[in-house]
2 protein chains.
Amino acid sequence: MPIRSNDQIIHKAAWLYYTHGMRQDEVAQRLEISRASIAMYLRRAREMGIVSITTSNELFSDDVLARELEDATGLTSVWIVPEDRQAMDPAAEMPVVAASVFLELINKGDRIGVAWGRTVYHIADVMPFADLRGVTVVQLCGNLGAPYSYRPDQCTTEIARRLNAEGINLYAPLVLSSERLAEELRSEPVIREQLATISDCQLALYSVGGIEEDSHLVKCGALSAAEMHAMGSNGAAGVIAGQLIDRDGQWMDCGHNRRCMSADLGSIRAIKKRMLVVQEDSKFEPLVAALKGGFASHLVVTASMARRILDRWNTEGLDRNSSGKT
Amino acid sequence: MPIRSNDQIIHKAAWLYYTHGMRQDEVAQRLEISRASIAMYLRRAREMGIVSITTSNELFSDDVLARELEDATGLTSVWIVPEDRQAMDPAAEMPVVAASVFLELINKGDRIGVAWGRTVYHIADVMPFADLRGVTVVQLCGNLGAPYSYRPDQCTTEIARRLNAEGINLYAPLVLSSERLAEELRSEPVIREQLATISDCQLALYSVGGIEEDSHLVKCGALSAAEMHAMGSNGAAGVIAGQLIDRDGQWMDCGHNRRCMSADLGSIRAIKKRMLVVQEDSKFEPLVAALKGGFASHLVVTASMARRILDRWNTEGLDRNSSGKT
DNA sequence: CATCATGGCTGACAAAAGTCAATGCAAAAG
DNA sequence: CTTTTGCATTGACTTTTGTCAGCCATGATG
């Protein structure tokens, strides 16, 4: 929690410097303090979200391909991370674009659902600092064991910290060892209430998981590689908030899903702005499944991925209605 | 209107510099252009609202006096511009605070009404640049003759320009020479429609005018000093959007008001966020009238003015209901 | 066809901002 | 009561940024 007495001077410095356009030495003089301190205060002001600097991300949405994809799939908005020569590494660029877009989609007082994965973690890591008091960030799915590196609660917490928002974690494991236990835990008032509020979110952020053996579910031991492979043969196509979905993006009635502590897929679909971010080109099929299942209204992808989706939609003769437009 | 081809590089530079935190020389290298140009692009990006830097104005709202005034009057929010030793000139500071607060009150897609006066003009003059496409700024009252320095349409236009918003001017004089003509003009479809949309605004910005002989209405020749004085004796207490109001903030049924092309006071009261900014201590009585008339939900004043209002409210035993809280 | 005006771009310099080791100061620990 | 520890603060130094006169290309004009 912030220390009031000290904040005051930071606010003042930030105001004089950024709003009045004074120089650091002028601010230092007025506040009767050394310029070096002002420089430090200003850094803090930025980190604390007292000042926020945002850049338009029109650069990524203002693209023919993005428009085409929106028209073809019925998605509300698409942002394309280009892969051209002078652009940056697209894999590294995507989380930055995603973070910037995400920030823009937040309104005052919103409740925001955040899931988990490498992508979401990287987005959290480059999320700009902002002063969004009144915003609540909730965790969409349960936690993994401690040793695993991209923990769901870390994503939520880090995003909430950067936004100066309130973070609400789901204090439950992602996967339990028995269906009975999962059922009982879901009935616990604390957990039940929290899961119930998810459909009240105005915005959600997640990626889609693959079903290869490098899937997080396999790496964290929730499923063995063999089990995952079997699920693939049974029609599994991807993972949303820890739960397996089939090729049409529907919840699979399987042991894993029944043992999973996570947001009900219906609740997720009920969220108006569903922001899906996919970095890896290998996640094409999971992405298609997620789109068919209506898990995205806002999409951030690479240009090549966008082209592949467009191709698929054209060859399959899919239309706007297939992607669950609101 | 912006030139697309050139904007692209500015967007890119702004993105790399502000979002990625690259140095200017790094950006220059990547974009294969001189660093000096980058510096220039960045300035433009700021002026065009491609990047926007905003500072929290908590400094001015986070004040005991502000809280007290809100509690006493029922205003939604009050911002106090301090007058203490180390502070800046409060008269010069107020427009800056007002502009910053105003910007914060805007939401996407809002329609905003802007009136006219020295204060509003100064606010427009220090309004930060932002990228608020989809926002519409409408003029609340008719125009004055060309020679006058603070023209209503300039306020609207300048604010719209800085915000990258659409500006809609009211193409009619503020005061006509006959009531009949004013009535006929008000019935003109173009004008009527525009005046009708005013109550749809989510936010309005104005100051309150005095009824001394230095009033704008006198200086621009709409009323003679003698007429104004007479109006004062008849109960006029201030001016809102060019129209005289009495001590209770009610519309006065007088020749001037009937000849006035301006927003209906009822429409203005219907706007949810009515931001009133008063710079001069001499405008105390007009301000009180405006508050009683329900013309403010958000107020920006000096500390001394705030204290005077508080005193008045306490001695008169006025309560929250008197200031037209929504 | 030469001339002029326009506006973007650059190099070089001046100004401003960032950084960090050293210092001081106050609260916690011994 | 002294020592230690942890910060906030500073001065001196380095790096980064802002600026502006002058250059070049382009396109309009006489």
Side-chain angles (χ1 to χ4, degrees), chain A residues 1-56 58-59 62 85-86 88 96 126 128-130 161-162 164, chain B residues 1-56 58-59 62 85-86 88 96 125-126 128-130 161-162:
Chain A
M1 284 298 102
I3 305 139
R4 282 265 129 251
S5 62
N6 236 12
D7 276 19
Q8 198 69 357
I9 193 113
I10 298 181
H11 268 96
K12 246 178 201 163
W15 176 262
L16 295 172
Y17 186 77
Y18 286 105
T19 305
H20 272 278
M22 288 170 86
R23 289 192 315 266
Q24 291 187 357
D25 52 1
E26 292 179 300
V27 178
Q29 213 167 351
R30 168 179 297 271
L31 266 43
E32 292 171 324
I33 218 168
S34 83
R35 200 188 55 72
S37 295
I38 298 296
M40 197 199 63
Y41 290 165
L42 293 178
R43 193 201 355 269
R44 281 219 216 142
R46 287 184 300 261
E47 284 171 1
M48 291 168 69
I50 291 173
V51 315
S52 54
I53 304 180
T54 55
T55 49
S56 146
E58 204 186 309
L59 192 54
D62 190 23
R85 24 262 87 81
Q86 63 162 349
M88 322 206 54
V96 185
V126 294
F129 294 90
R161 187 180 75 81
R162 299 224 183 189
N164 262 298
Chain B
M1 285 299 101
I3 305 140
R4 282 264 130 253
S5 61
N6 234 13
D7 277 19
Q8 199 69 356
I9 192 111
I10 299 182
H11 268 96
K12 248 180 201 162
W15 176 262
L16 294 173
Y17 185 77
Y18 286 105
T19 306
H20 273 278
M22 288 171 85
R23 275 182 276 106
Q24 290 188 357
D25 52 359
E26 292 178 301
V27 178
Q29 212 168 349
R30 168 179 296 270
L31 265 45
E32 290 171 327
I33 218 167
S34 84
R35 199 190 54 73
S37 295
I38 298 295
M40 196 196 63
Y41 290 164
L42 293 179
R43 195 204 353 270
R44 280 215 218 144
R46 287 185 299 260
E47 284 171 1
M48 291 168 70
I50 290 172
V51 316
S52 53
I53 304 181
T54 56
T55 48
S56 146
E58 204 185 310
L59 192 53
D62 189 22
R85 28 238 119 59
Q86 64 161 349
M88 322 206 55
V96 185
D125 212 43
V126 293
F129 294 91
R161 186 180 75 81
R162 300 226 182 188

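Throughout, a chain's letter reflects where its sequence line sits, starting with A, and its residues are numbered from 1.
- At dT19(D), one or more side-chain N or O atoms of R43(B) fall inside 4.0 Å of OP1 or OP2 (strictly under the cut-off).
- In this structure, R35(B) reaches the bases: a heavy-atom distance under 4.0 Å links it to at least one base atom across the strands shown.
- A donor-acceptor pair is defined here as one N or O able to donate and one able to accept, closer than 3.5 Å; no such pair exists between the side chain of R162(B) and the backbone of G49(B).
- When the shell of 6.0 Å around CD of E47(A) is examined, it contains more than 12 heavy atoms from other residues, nucleotides or ligands.
- Here L42(A) lies out of heavy-atom contact (under 4.0 Å) with every strand.
- One interatomic measurement links the two molecules: CD of Q29(B) to P of dT10(C), which rounds to 13 Å at whole-angstrom precision.
- Atom C1' of nucleotide dG11(D) and atom CD of Q24(A) are separated by 15 Å, given to the nearest angstrom.
- Both S37(B) and A39(A) lie close to DNA chain C; mapped to their nearest nucleotides by heavy-atom distance, the more 5′-ward contact belongs to S37(B).
- Looking at N164(A), its side chain does come within 3.5 Å of a backbone N or O of M48(A) through a donor-acceptor pair.
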TODO: Go through L31(A) and Y41(A) one step at a time and tell me if the side chain to side chain contact (heavy atoms under 4.5 Å, CB included) criterion holds.
DONE: CA-CA 12 Å; L31(A) 266 43; Y41(A) 290 165; 5.6 Å; no
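- Distance OH (Y41(A)) to P (dG18(C)): 15 Å, rounded to an integer number of Å.
- Under 4.0 angstrom from either OP1 or OP2 of dA16(C) there lies no side-chain N or O belonging to Y17(A).
- The CD1 atom of I38(A) sits 15 Å away from the C1' atom of dG11(D) (whole-angstrom rounding).
- Residues Y17(A) and V27(A) approach most closely at N-CG2, 4.1 Å, considering heavy atoms.
- Rounded to whole angstrom, the span from the CE atom of M40(A) across to the P atom of dT9(D) amounts to 6 Å.
- Between the CZ atom of R23(B) and the P atom of dT15(D) there is a distance of 10 Å, rounded to whole Å.
- Put simply, CG on D25(A) is 13 Å from P on dG11(D), counting in whole angstrom units.
- Within the 4.0 Å cut-off from OP1 or OP2 of dT9(D), not a single side-chain nitrogen or oxygen of S34(A) is found.
- Rounded to whole angstrom, the span from the CD1 atom of I10(B) across to the C1' atom of dG8(C) amounts to 11 Å.
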